[in-house]
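Here is the structure we will look at, set down as structure tokens.
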Amino acid sequence: MAAKKIKALVIVESPAKARKISGYLGKDYHVMASMGHIRDLPANASEIPAQIKKEKKSWASLGVNTEEDFDPLYVIPKTKKKLVKELKEALKNSEQLILATDEDREGESIGWHLTEVLKPKVPVKRMVFSEITKKAILEAIENPRELDLDLVAAQETRRVLDRLYGYTLSPLLWKKIARGLSAGRVQSVAVRVIVLRELERLAFRSGTYWDLKAVLGAKTGNQTSFDSQLITVDGKRLATGKDFDESTGKLKEGSKVLLLKEEEAKKIQADLLKKDWTVTKVEKKAQKRNPSAPFTTSTLQQEANRKLGMTARDTMRVAQRLYEDGLITYMRTDSVNLSGEAVTAARKCVEGRYGKDYLHPTVRQFSSKSKNAQEAHEAIRPAGTEMKTAEELNLTGQQNRLYSMIWKRTVATQMAEARLTFQSVTITSGNCEFRSTGKHVDFPGFFRAYVEGNDDPEAALDDQESALPPLNENDQISCKELDAIIHETKPPARYTEASIVRKLEAEGVGRPSTYASIIGTIQDRGYVRKAGSQLIPTFTALAVSRLLEEHFPNLVDLNFTAKMEQTLDDIATGDAERLPYLNKFYSGAEGISEQVKKHEETIDPRKACTLNIDGIEASVRVGRYGPYFEKKKGEENLTASIPDSIAPADLSNDLAEKLIEEKQKGPQSLGMHPEEGLPVFVMNGPFGPYIQLGEVVEDGPKPKRVGIPKNYDYSELTLNQALSLLTLPRRIGHHPVTNKVVNAGIGRFGPYVLHDKVYKSFGKEGTFEHEGKVYDVLNVDMDTAVEMLKQAKRRSAPTPIREIGEHPEDKEMVAIFDGRYGPYVKHGKINATIPKDHEVESVTMDEAVVWLEAKAAKMGTKKTTKKKAAKKKAAKKKAAKKKTTKKAAAKKTPEKKAAKKKAPAKKKAAKKTAKKTAEKSTEKTTTKKTAEKTEKE
DNA sequence: CAGTGAGCGAGCTTCCGCTTGACTT
């Protein structure tokens with residue numbers, strides 16, 4: 001027996017790493033992956049052991065025994081049970097256990113948990129390495145060390161603190177604001193940062209100013225024209241955007257600049273057109289630029305977002321593939337360090353590709369600027385020693401683009417600095433001075449490979465040459481054009497995925513593995529929505545942020561995490577203890593536990609949900625069905641919903657008054673339908689404005705309704721337009737090719753054209769442009785419809801490869817189809833993949849039924865974990881329904897009620913999709929997705 | 001697909017960091 005044993009079981013965190021290391025270590029070693037943490041605090045009620053639950057301890061739901069030294073209750077989650085069993089099996093046949101998890105706080109902890117769970121009876125060693133090369137691995141295995149229990153304690157402190165923070169503050173929010181909300185050390189700060197920016201925008205007052213822009217050229221010699229900007233008048237500097245006070249829209253107090261109004265600007269313009277123009281000053285300044293550090297997770301996400309328009313989540317998904325294929329190094333890292341192997345490869349590549357002149361004379365190394373970098377991995381770079389390009393690797397699509405970016409950035413790090421000359425020329429005319437600036441790239445250096453992107457799309461890239469023609473003092477200039485231009489100061493920009501990741505990293509909040517999910521969490525909880533690339537906070541976020549700021553200011557302070565990290569560092573070095581720190585945080589009069597209890601009694605939930613905004617008479621309230629305005633008028637309490645598309649910074653008193661008035665007036669009849677004799681109403685529902693013909697009658701059929709396409713302003717809709725919309729769907733004619741009928745109508749997802757069961761939606765604005773003309777559902781002609789239908793993806797109904805027969809229970813057909821993931825059996829809505837060891841031809845009905853049942857059961861369990869956001873929205877809807885269904889129960893026939901109950905899942909999904917479609921209507925990149933979704937339904 | 005702003009009330013919602021499958025047909 002003993003002879004058959006292998007030398008050691010080596011455990012790392014990721015399978016890709018395991019494969020690579022296994023190759024270096026050979027057959028004597030068995031390398032396995034832990035897939036991250038194998039144990040954790042119970043995530044929810046279902047993970048708390050029954051025993052503990054029964055005891056009804058006050059701390060049971062925390063999973064941390066706050067009565068006894070904050071002893072954590074660790075459980076192995078369901079998803080990890082199988083893996084743990086496999087690890088135990090493997091350990092039985094090993095003479096040694098080697099923990100080769102990452103060399104950081106979490107990695108050390110994973111190693112410790114492994115020993116706790118596997119309870120090895122053989123010697124245990126800890127090995128660490130910072131690059132995965134054969135040499136480094138063999139060296140590491142010869143020089144093992146012990147587990148660092150102080151580092152493990154630091155991780156546990158972090159874990160427990162985050163749990164105490166999140167699981168004591170969140171319930172307070174459920175009680176005071178809305179169920180399902182959450183607070184956390186990271187997310188609450190992220191939300192707060194976004195909210196503060198929105199409040200700045202809300203308080204922002206725009207100012208305007210005028211200036212002059214000239215197009216000039218020398219009178220002799222090189223007469224290339226160049227732009228010039230008015231800088232001073234009578235020696236007084238002209239006002240620009242930064243001279244304005246953001247809260248008033250006026251010039252900052254005491255500023256000595258000149259603010260031009262329209263008449264003055266135009267007067268100067270007229271004046272100067274008659275005057276001579278002379279160069280009075282020429283300045284040149286040389287500057288050098290150095291390449292940026294190689295990518296970390298955070299900078300990769302930022303650049304991919306700016307340059308490739310990818311979300312943080314997309315970026316990580318694509319990077320994961322590149323990593324698994326062995327093309328890049330690990331993608332979750334906070335280190336800017338390049339290994340010796342990488343530097344050598346990059347330098348060789350630079351020399352070969354661009355020549356010696358482009359090589360930086362010495363090796364360039366970078367040091368991390370991020371606040372609490374743990375640097376367990378390298379920077380993100382092309383793997384190996386070859387520095388192959390994306391083309392050489394035959395990459396395509398997003399993989400190609402992301403890899404190329406990584407390649408360029410890495411190679412650029414070893415390239416020579418770029419040398420630039422900046423020119424600044426002053427041109428005088430009359431009592432005015434103009435300035436032109438230019439830039440000349442003397443030597444491009446690393447620009448040849450890589451230039452960092454910018455958040456501001458208008459900002460010129462560094463490598464762009466924008467040199468002025470040669471100019472000397474006293475040169476005579478001719479003015480070719482002179483324009484007076486109005487400028488408006490703009491509010492500070494909203495955060496994007498890129499800028500919020502940058503901000504969080506700069507503050508040391510969050511980790512490489514979490515940046516992408518933070519953005520997901522704050523959206524799932526309904527704190528933030530995305531409009532294009534902007535992250536817009538909801539009114540809920542404003543209310544939650546205010547509550548936390550008011551009552552727990554230190555917890556949502558930007559420095560909270562940084563301070564925590566200092567303590568954790570002390571714990572890791574053995575200079576501090578976990579217990580006093582956690583005690584101070586949780587227990588005692590100032591501890592979070594007491595504070596929450598106190599505020600539970602004192603905070604008035606009505607007030608917590610009410611936002612009073614300067615300059616707006618009505619209050620904004622966060623209600624169960626979304627935000628609404630509320631205003632007292634005598635005895636009456638007037639309310640009006642705030643549409644989803646309205647951002648907090650868009651609020652104004654006029655808007656509030658308008659919405660309240662509209663609501664109070666009730667549905668407005670545009671007039672009578674000439675044939676039906678019924679009034680035509682414009683109404684506003686959860687899916688936006690719609691037209692209704694006649695009123696709701698008890699026991700009668702539902703009145704005809706039709707949504708108003710986005711290209712019509714519902715508040716200015718005419719009776720004729722409404723009547724036209726009510727006639728939909730309309731027949732456009734017969735398709736010239738198939739001779740089948742083509743119709744135009746409005747469905748759940750808005751206006752569409754329909755031909756032979758193929759739908760094509762009008763664009764996000766409800767219009768379609770064809771040969772320079774804009775069409776919508778009312779005026780679309782056959783020519784345009786044919787063009788639109790060409791763009792529709794035809795989805796022919798899939799044909800089964802084999803029909804097995806009728807299902808024994810409901811007699812519905814069970815058949816085999818060929819899908820993207822191999823053949824599968826289909827019965828109704830349930831699809832189950834056929835196991836690999838079965839032939840399509842030999843599948844029996846009995847087998848198929850077993851697979852289908854297994855799949856159905858699986859789907860049942862999945863729902864609870866996955867569709868969190870959907871669940872929340874659904875719950876809201878359900879709650880909303882309650883009253884109406886109860887009241888309306890009498891009106892509805894029993895069959896109708898039953899039908900409603902039967903298909904709730906489908907309804908929810910459809911609603912969600914519809915909502916998304918509406919929400920994302922402004923987003924360029926998702927139009928395609930929306931179209932796809934539309935078709936699926 | 002369509003209007004709400006409130007309660008009868010069991011048990012539950014929730015954190016941050018590590019990681020990949022499962023899975024989309």
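To find a chain, count down the sequence lines: A is the first, B the second, and so on, and within it residues start at 1. As a basis for the values below, the full set of heavy atoms in this structure was taken, side chains included, without hydrogen atoms, waters or symmetry mates. Being a predicted model, the structure only gives us computed values, none of them experimental.
Contacts of A:Gly184 with the nucleic acid, taken as non-hydrogen atoms under 4.0 Å apart, involve only primed sugar atoms and P, OP1 or OP2. No engagement by A:Phe629 is indicated, since no non-hydrogen atom pair under 4.0 Å with the nucleic acid exists. Counting any heavy atom pair closer than 4.0 Å across all strands shown, A:Gly107 reaches no nucleic acid atom. Within the nucleic acid shown, A:Asp102 comes within 4.0 Å of sugar-phosphate atoms alone, with no base atom in reach, counting heavy atoms only. Residue A:Glu630 is classed as having no contact, given no heavy-atom separation below 4.0 Å to the nucleic acid. At a threshold of 4.0 angstrom between heavy atoms, the contacts of A:Ser641 include nucleobase atoms, whether or not backbone atoms are also involved. Heavy atoms of A:Arg621 sit nowhere under 4.0 angstrom from any nucleic acid atom. Counting non-hydrogen atoms under 4.0 angstrom, A:Tyr165 reaches nothing in the nucleic acid. Within 4.0 Å of A:Gln692, counting heavy atoms only, lies no atom of the nucleic acid at all. A:Ala183 comes within contact range of the sugar-phosphate backbone alone, with a heavy-atom separation under 4.0 Å but no base atom that close.
Considering only side-chain N and O atoms, A:Gln155 lies nowhere under 4.0 angstrom from the phosphate OP1 or OP2 of B:dG17. Within the structure, every side-chain polar atom (N or O) of A:Tyr515 is placed at least 4.0 Å from both OP1 and OP2 of B:dG17. Between A:Arg606 and B:dG5 there is no side-chain N or O to OP1 or OP2 distance below 4.0 Å. For B:dC15, the OP1/OP2 oxygens have no side-chain nitrogen or oxygen of A:Ser170 closer than 4.0 Å. Between A:Arg525 and B:dC15 there is a side-chain polar atom (N or O) within less than 4.0 angstrom of OP1 or OP2. Applying the 4.0 Å criterion to OP1 and OP2 of B:dC16, one finds that A:Thr514 has every side-chain N and O outside that range. Distances shorter than 4.0 Å separate some side-chain N or O of A:Arg511 from OP1 or OP2 on B:dC18. Look at A:Ser14 and you'll find a side-chain N or O under 4.0 angstrom from OP1 or OP2 of B:dT20.
Rounding to whole angstrom units, CZ of residue A:Arg317 and C1' of B:dT20 are separated by 15 Å. Across the protein-nucleic acid pair, A:Tyr74 atom OH and B:dC18 atom P stand 14 Å apart, rounded to whole Å. At whole-Å resolution of the value, CG in A:Asp162 and C1' in B:dC15 are 6 Å apart. One can place CG of A:Leu173 at 11 Å from P of B:dC15, the figure rounded to the nearest angstrom. Here the C1' atom of nucleotide B:dC15 and the CD1 atom of A:Ile592 are 11 Å apart, to the nearest Å. Atom pair A:Arg19:CZ and B:dG21:P shows a separation of 7 Å (rounding to whole Å applied). Rounded to a whole Å, the CZ atom of A:Arg105 is 14 Å from the P atom of B:dC16. Note: CG (A:Leu87) to C1' (B:dT20) measures 14 Å, nearest angstrom.
Rounding to the nearest 0.5 angstrom, the gap separating the CG atom in A:Asp102 from the OG atom in A:Ser109 is 12.0 Å.
Comparing B:dT13, B:dC12, B:dC18 by their closest approach to the side chain of A:Ser513 singles out B:dC18. When each of B:dG5, B:dT14, B:dG17 is scored by its nearest atom to the side-chain atoms of A:Thr639, the top-ranked nucleotide is B:dG5. With distances taken from any side-chain atom of A:Arg624 to the nucleotides B:dT13, B:dC15, B:dG7, the minimum falls on B:dG7. Of the candidates B:dG5, B:dT13, B:dC18, the closest approach to any side-chain atom of A:Tyr330 belongs to B:dC18. Which of B:dT13, B:dC16, B:dT4 sits closest to the side chain of A:Lys663 comes down to B:dT4. Of the candidate nucleotides B:dC15, B:dT14, B:dT20, B:dC15 has the atom nearest to the side chain of A:Arg163. The side chain of A:Glu106 has B:dG17 as its nearest neighbour among B:dG17, B:dA2, B:dC12.
By the 5.5 angstrom centroid cut-off and the 30-degree plane limit, A:Trp174 is classified as stacked against the base of B:dT13.
Across A:Leu173 and A:Ala183, no two heavy atoms sit closer than the pair CD1-CB, 3.9 Å.
Scanning for ring pair (Phe, Tyr, Trp, His ring centres under 6.0 Å) contacts around A:Phe681 gives an empty result, with sequence neighbours left out. For A:Lys631, the salt bridge (charged side-chain N to carboxylate O under 4.0 Å, His left out) criterion is met by A:Glu657, not counting sequence neighbours.
With 3.5 Å as the limit, one finds no donor-acceptor pair spanning the side chains of A:Thr297 and A:Arg332.
Judged by distance alone with a 3.5 Å cut-off, no donor-acceptor contact links the side chain of A:Arg705 to the base of B:dC1. Below the 3.5 angstrom threshold, one finds no donor paired with an acceptor across the side chain of A:Arg332 and the base of B:dG17. Looking at A:Ser109, its side chain has no donor and acceptor atom pair within 3.5 Å of the base of B:dG17.
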Verdict with reasoning, A:Asp604 to A:Lys176, per salt bridge (Lys or Arg N to Asp or Glu O under 4.0 Å): CA-CA 7 Å; A:Asp604 174 0; A:Lys176 303 300 178 188; over 6 Å; no
Criterion side-chain hydrogen bond (donor to acceptor under 3.5 Å, both in side chains) on A:Gln692 and A:Arg705, from CA distance to verdict: CA-CA 5 Å; A:Gln692 179 173 300; A:Arg705 290 169 170 150; 2.8 Å; yes
Residue pair A:Arg511, A:Glu106: steps toward the salt bridge (Lys or Arg N to Asp or Glu O under 4.0 Å) verdict: CA-CA 11 Å; A:Arg511 302 278 312 135; A:Glu106 298 295 329; over 6 Å; no
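Between A:Arg105 and A:Glu565 a salt bridge is recorded (basic side-chain N to carboxylate O distance below 4.0 Å).
Taking atom P on both nucleotides, B:dG21 is separated from B:dG17 by 23 Å, rounded to a whole Å. When the C1' atom is compared between B:dT13 and B:dG9, the two are found 16 Å apart, to the nearest whole Å.
For the pair A:Ile518 and A:Phe681, nearest-nucleotide mapping onto DNA chain B gives the more 5' position to A:Phe681. Sequence order on DNA chain B of the closest nucleotides to A:Ser188 and A:Tyr323 puts A:Ser188 first from the 5' end.
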